[in-house]
Colleague: 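The structure follows.
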2 protein chains.
Amino acid sequence: MLKLKSQVCFPIYALSREITSTYRPFLDELDITYPQYLVMMVLWEEDPQTVNQIGHKLDLDSGTLTPLLKRLQAKELISRKRKSCDERVVEISLTPAGKNLEKAAEQVPLKVMEAMNVTAEELQELKDVVTKILNKQRTRV
Amino acid sequence: MLKLKSQVCFPIYALSREITSTYRPFLDELDITYPQYLVMMVLWEEDPQTVNQIGHKLDLDSGTLTPLLKRLQAKELISRKRKSCDERVVEISLTPAGKNLEKAAEQVPLKVMEAMNVTAEELQELKDVVTKILNKQRTRV
DNA sequence: TTAAATTAAATTGTGCACAAGTTAATGTGG
DNA sequence: CCACATTAACTTGTGCACAATTTAATTTAA
């Protein structure tokens, strides 16, 4: 049981890092990191959103998001503004540059899939198994 | 393509963090982190090993390992010593406390599997798909 | 109405990851 | 033999993750 080869969790951990490093060269061209890319993707789907909403979708807390969002703000891809109706809430909006970045990012998923050298079928199979297990976690909590 | 739901990589990233947080309470009892646990597992299989050997098995470089190993040394679970035949190489050995920790860690995999609420079959399925894709990466590089 | 509880975000501190560069020891070709 | 390349580990700097605490705003309940 305590052998690395018999572990399931280590391959997941290794694959997760492998994926991030496959994304890196393509995201370097956009001057963002993988977690920043995830946040931008969430905002490209719906804009604006609160820190809480983004955190809920990505399973990240404000301890991770606050500094990350400040870095995206420093790159002028997003703006941060407290809501007047509830001063506790910070609303994140895309800047024009942030909206424009979506076009440049359009080719990233395809490039990554090519670089990972996997077929769409393998990816789908992987996703199905992973989400099945992830959903079990969510329903349990 | 740029929607979070259509992404394969995000579920992997999310599952990897989910796994680490499932391990956390059990590893807290041993006073080690998940990456530290991986290093200990590698050493329980073969002792001693060089920093390079450990790094090769876990896909981690010395920039990550050196400080991690120093923390394990501070906990007195391992010792670090330069080889006399080649002073560039640092050899990592388990201390008696490091060897003893294996017994305490024996139940961790089972406890984690229970806590994750998954069957052995699901885990095997997950592992098969993940390692298939991971191996493609390795052979490509 | 106001004291207590709750909530949202920020802050602080620790520990990975990893790129890039450094240091020191060992190998190698001329 | 010795300059040069290579190698192993270390160091430095940036950016996550995440636990724990703090701050400030809002909600609630007595």
Side-chain angles (χ1 to χ4, degrees), chain A residues 9-10 12-25 27-28 30-40 48-56 58-75 78 80-92, chain B residues 10 12-25 27-28 30-40 48-56 58-75 77-78 80-92:
Chain A
C9 301
F10 172 64
I12 306 274
Y13 158 83
L15 181 59
S16 179
R17 287 189 293 127
E18 183 72 36
I19 286 173
T20 307
S21 77
T22 307
Y23 269 95
R24 190 166 296 115
L27 295 182
D28 276 353
L30 311 184
D31 189 33
I32 53 174
T33 66
Y34 183 66
Q36 288 168 14
Y37 168 74
L38 291 177
V39 169
M40 292 304 289
Q49 287 188 72
T50 67
V51 175
N52 246 353
Q53 285 178 297
I54 297 170
H56 191 255
L58 297 178
D59 258 308
L60 292 171
D61 68 6
S62 67
T64 301
L65 282 177
T66 297
L68 188 155
L69 291 168
K70 284 184 178 176
R71 283 186 284 270
L72 286 179
Q73 185 182 33
K75 294 181 206 281
I78 62 158
R80 300 160 64 244
K81 191 163 164 283
R82 287 196 180 267
K83 281 187 127 168
S84 53
C85 62
D86 187 343
E87 290 278 344
R88 290 171 305 181
V89 178
V90 171
E91 194 167 68
I92 307 297
Chain B
F10 172 64
I12 307 274
Y13 157 83
L15 181 59
S16 178
R17 288 188 293 127
E18 182 73 36
I19 286 172
T20 308
S21 78
T22 306
Y23 270 96
R24 189 166 298 117
L27 295 182
D28 276 352
L30 312 184
D31 189 32
I32 53 174
T33 66
Y34 183 65
Q36 288 168 14
Y37 167 73
L38 291 176
V39 168
M40 292 303 290
Q49 287 189 72
T50 68
V51 174
N52 247 353
Q53 284 178 298
I54 297 169
H56 191 256
L58 297 178
D59 257 310
L60 292 170
D61 67 7
S62 68
T64 301
L65 282 176
T66 297
L68 188 155
L69 291 168
K70 285 185 178 175
R71 283 187 284 270
L72 286 178
Q73 185 183 32
K75 294 180 207 283
L77 296 173
I78 62 158
R80 300 160 64 244
K81 190 160 163 287
R82 287 195 179 267
K83 280 188 126 164
S84 53
C85 62
D86 186 342
E87 290 277 345
R88 290 172 304 182
V89 176
V90 171
E91 194 166 69
I92 307 297

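So that the names make sense, note that chain A is the first sequence line, chain B the second, and so on, each numbered from 1. Because the structure is a prediction, the values reported are computed rather than measured.
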Colleague: Searching all strands shown, indicate the nucleotide that pairs with D/dT22 (Watson-Crick or G-U wobble; both distances under 3.5 Å).
Modeller: C/dA9
Colleague: What's A/Ser62 touching, base or sugar-phosphate or nothing? Going by heavy atoms closer than 4.0 Å.
Modeller: base
Colleague: Would a 4.5 Å heavy-atom cut-off, applied to side chains only, mark B/Leu69 and B/Gln73 as touching?
Modeller: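 No - every pair of side-chain heavy atoms lies 4.5 Å or more apart.
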Colleague: Which residue lies toward the 5' end of DNA chain C, B/Pro67 or A/Pro67, if each is placed at its nearest nucleotide?
Modeller: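 Checking each residue's closest nucleotide, the 5'-ward one belongs to A/Pro67.
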Colleague: In whole Å, I'd like the distance from the CG atom of A/Asp86 to the P atom of D/dA24.
Modeller: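 Taking CG of A/Asp86 and P of D/dA24, I get 16 Å after rounding.
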Colleague: Give B/Leu68 one of three labels, base, sugar-phosphate or nothing, depending on what nucleic acid heavy atoms sit under 4.0 Å from its own.
Modeller: sugar-phosphate
Colleague: Measuring to OP1 and OP2 of C/dT11, would you say a side-chain N or O of A/Lys70 lies under 4.0 angstrom away?
Modeller: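 For A/Lys70, the contact criterion (side-chain N or O under 4.0 Å from OP1 or OP2 of C/dT11) is met.
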Colleague: Does C/dA10 have its OP1 or OP2 closer than 4.0 Å to a side-chain nitrogen or oxygen of A/Arg80?
Modeller: yes
Colleague: Are any of A/Tyr13's side-chain N or O atoms less than 4.0 Å away from OP1 or OP2 of C/dA17?
Modeller: yes
Colleague: Could you check how far CD of B/Glu91 sits from P of D/dC10, rounded to whole Å?
Modeller: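 It works out to 13 Å between those atoms.
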Colleague: Would you kindly give the CZ-to-C1' distance between A/Arg71 and D/dA17, to the nearest whole Å?
Modeller: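 That distance rounds to 11 Å.
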Colleague: When all nucleic acid strands are considered with a 4.0 Å heavy-atom cut-off, which category describes A/Thr20: base, sugar-phosphate, or nothing?
Modeller: nothing
Colleague: Could you report the tightest heavy-atom contact between A/Phe10 and B/Tyr34, atom names first, then the distance?
Modeller: N-OH, 3.5 Å
Colleague: Has B/Thr66 got a side-chain N or O lying under 4.0 Å from the OP1 or OP2 atom of D/dC10?
Modeller: yes
Colleague: Using a cut-off of 4.0 Å on non-hydrogen atoms, how would the nucleic acid contact of A/Thr64 be classed: base, sugar-phosphate, or nothing?
Modeller: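 Here A/Thr64 touches the bases of the nucleic acid.
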Colleague: Between C1' on C/dA19 and CG on A/Asp28, what's the gap in Å once rounded to a whole number?
Modeller: 10 Å
Colleague: Is any side-chain nitrogen or oxygen of A/Asn52 closer than 4.0 Å to OP1 or OP2 of C/dT7?
Modeller: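 No.
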Colleague: I want to check one thing: is the phosphate of C/dC18, taken as OP1 and OP2, less than 4.0 Å away from some side-chain N or O of A/Arg17?
Modeller: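 Result: yes.
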Colleague: Would you mind reading off the distance between B/Leu58 atom CG and C/dC16 atom C1', rounded to a whole angstrom?
Modeller: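 After rounding, the gap between these two atoms is 13 Å.
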Colleague: Hey, which of these two, A/Gln36 or A/Arg88, hits DNA chain D nearer its 5' end, going by closest nucleotide?
Modeller: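 Final value for this comparison: A/Gln36.
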Colleague: Please classify the nucleic acid contact of B/Thr50 as base, sugar-phosphate, or nothing, using heavy-atom distances under 4.0 Å.
Modeller: sugar-phosphate
Colleague: When rounded to the nearest 0.5 angstrom, what distance separates CG in A/Leu72 from CZ in A/Arg80?
Modeller: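 CZ of A/Arg80 is found 10.0 Å from CG of A/Leu72.
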Colleague: Nearest nucleotide by nearest heavy atom, which residue falls closer to the 5' end of DNA chain D, A/Thr33 or A/Glu87?
Modeller: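 Looking at the nearest nucleotide for each, A/Thr33 comes out on the 5' side.
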Colleague: With heavy-atom distances below 4.5 Å as the criterion, would you say the side chains of B/Lys75 and B/Gln36 are in contact?
Modeller: yes
Colleague: Let me know which of B/Leu68, B/Leu38, B/Ile92 forms a side chain to side chain contact (heavy atoms under 4.5 Å, CB included) with B/Ile54.
Modeller: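 Of the listed options, the one satisfying the test is B/Ile92.
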Colleague: Can you tell me how far P of D/dC16 sits from OH of A/Tyr37, to the nearest Å?
Modeller: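 Computing the A/Tyr37:OH to D/dC16:P distance gives 15 Å.
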Colleague: In the structure I gave you, are the side-chain heavy atoms of A/Ile12 and A/Leu15 within less than 4.5 Å of one another anywhere?
Modeller: no
Colleague: Between B/Asp61 (CG) and C/dA19 (P), how many Å, whole number?
Modeller: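 Whole-Å distance recorded here is 7 Å.
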Colleague: For B/Lys83, answer base if it contacts any base atom (sugar-phosphate contacts may also be present), sugar-phosphate if it contacts only those atoms, and nothing otherwise; contact means non-hydrogen atoms under 4.0 Å.
Modeller: nothing
Colleague: What is the separation between atom CG on A/Asp59 and atom C1' on D/dC16, rounded to the nearest whole Å?
Modeller: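 Roughly 15 Å, once rounded to whole Å.
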